[in-house]
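Let me begin by presenting the structure, written as structure tokens, before commenting on it.
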Amino acid sequence: MGVLNVTPDSFSDGGRHFGPEAALAQARRLIAEGADLIDIGGESTRPGATPVPEDEEIARVVPLIAAIRAESAIPISVDTMKPSVARAAVAAGASLWNDVTALRHSPDSLATAAELGCEVVLMHMQGEPGTMQAEPRYDDVVAEVAAFLADRAEAAVAAGVAREKIWLDPGIGFGKHMIRHNLPLLAGLQAIVALGFPVLLGVSRKSFIGAVDGGKRGADARLGGSIAGALWGARAGVAAVRVHDVRETVQALRVWAAIAAAG
Ligand code: HH2
């Protein structure tokens with residue numbers, strides 16, 4: 001899954017693809033580099049990001065989805081917590097709703113997902129985007145994230161979302177201490193995969209990579225760690241990895257798979 005943020009302030013690529021021309025050019029690049037899916041977001045989830053009104057978010061993502069759909073059949077997901085944005089995105093050609101709140105943001109979220117009939121990613125987050133990194137706490141991060149995701153999947157099914165449309169995501173970096181929570185959660189990823197749904201993993205350019213690497217270097221200097229995370233996820237059986245650097249990740253996954261197949 002290639003990431004395309006049409007925001008001025010995303011932590012990883014903020015502002016770079018903000019204009020319509022630049023965004024479409026980046027979508028073409030992600031497709032050419034081997035993405036199987038493009039995730040389009042119009043509101044940053046990083047702590048301190050400015051909230052985006054829904055009409056503005058729709059104006060950012062919908063024309064881009066329509067423009068990609070006009071020239072490519074690649075599946076498109078929309079990264080939003082707002083049901084109205086998901087609805088507009090699906091009408092424009094998106095087939096997956098990627099919701100970092102696991103359909104908890106609005107009282108309409110569950111019913112809208114059921115009505116749209118699209119695939120949904122239910123992601124784990126402790127707290128709210130603005131404050132989630134203030135003081136995250138877990139007794140057993142793997143068990144708590146797994147229990148939350150199982151619970152949200154059941155809530156979605158109870159609301160009418162088809163079981164086979166559901167993806168789960170442990171939400172690396174969302175309400176998790178960089179080292180004490182993200183690393184054990186990644187180490188225990190198989191417990192999330194064992195829940196029986198396809199798992200999406202997003203580690204690309206995240207801060208914990210900088211923390212492990214001992215420095216405060218920026219998001220651009222985290223490619224090696226991002227690839228390590230993607231390969232770790234593949235080994236644990238995740239169905240997709242959400243990445244900014246598609247070409248390098250595809251190559252790494254192809255080499256890993258070729259070696260595995262030769263054994
Ligand atoms: N991470 C980010 C945003 N959306 N969605 C899922 N399902 N999983 C993730 O790990 C995930 C996500 C954060 O990364 P990015 O989009 O680069 O930054 P921002 O939220 O600042 O736009």
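Note that the coordinates shown come from a computational prediction; the quantities given were computed from them, not determined experimentally.
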### Task
Using a 4.5 Å cut-off on heavy atoms from C-beta on, say whether the side chain of R205 contacts that of D220.
yes

### Query
In the hydrophobic clustering (ILVMFWY, side-chain contacts below 4.5 Å, transitive), which residues join V255, or is it alone?
I259

### Query
What pair of heavy atoms forms the shortest contact from G175 to Y138, and how long is it?
O-OH, 2.6 Å

### Task
Taking K165 for its side chain and L96 for its backbone only, find out whether a donor-acceptor pair lies under 3.5 Å.
no

### Aromatic ring pairing H124/F148, orientation class (parallel under 30°, perpendicular over 60°, tilted between)
perpendicular

### Query
Which ILVMFWY residues can you reach from M123 by hopping between side chains whose heavy atoms are under 4.5 Å apart?
M81, V100, M125, M132, F174

### Query
Within the distance-only criterion (no hydrogens, no angle test), does the side chain of R104 pair as donor or acceptor with the backbone N or O of T101 below 3.5 angstrom?
yes

#### Entry: Single-linkage hydrophobic cluster L200~I172, side-chain heavy atoms < 4.5 angstrom
no

### Query
Between T80 and E43, does any side-chain donor sit less than 3.5 Å from a side-chain acceptor?
no

### Query
Under 3.5 Å, side chain of W232 to main-chain N/O of L186, donor-acceptor pair present?
yes

### Query
How about W167 and E119: does a side-chain donor come under 3.5 Å of a side-chain acceptor?
yes

### Summary
From the list D169, D39, T249, side chain to side chain donor-acceptor pair (under 3.5 Å) partner of R242 resolves to D39

### Task
Nearest 0.5 Å please: distance from the CG atom of D108 over to the CZ atom of R87.
8.5 Å

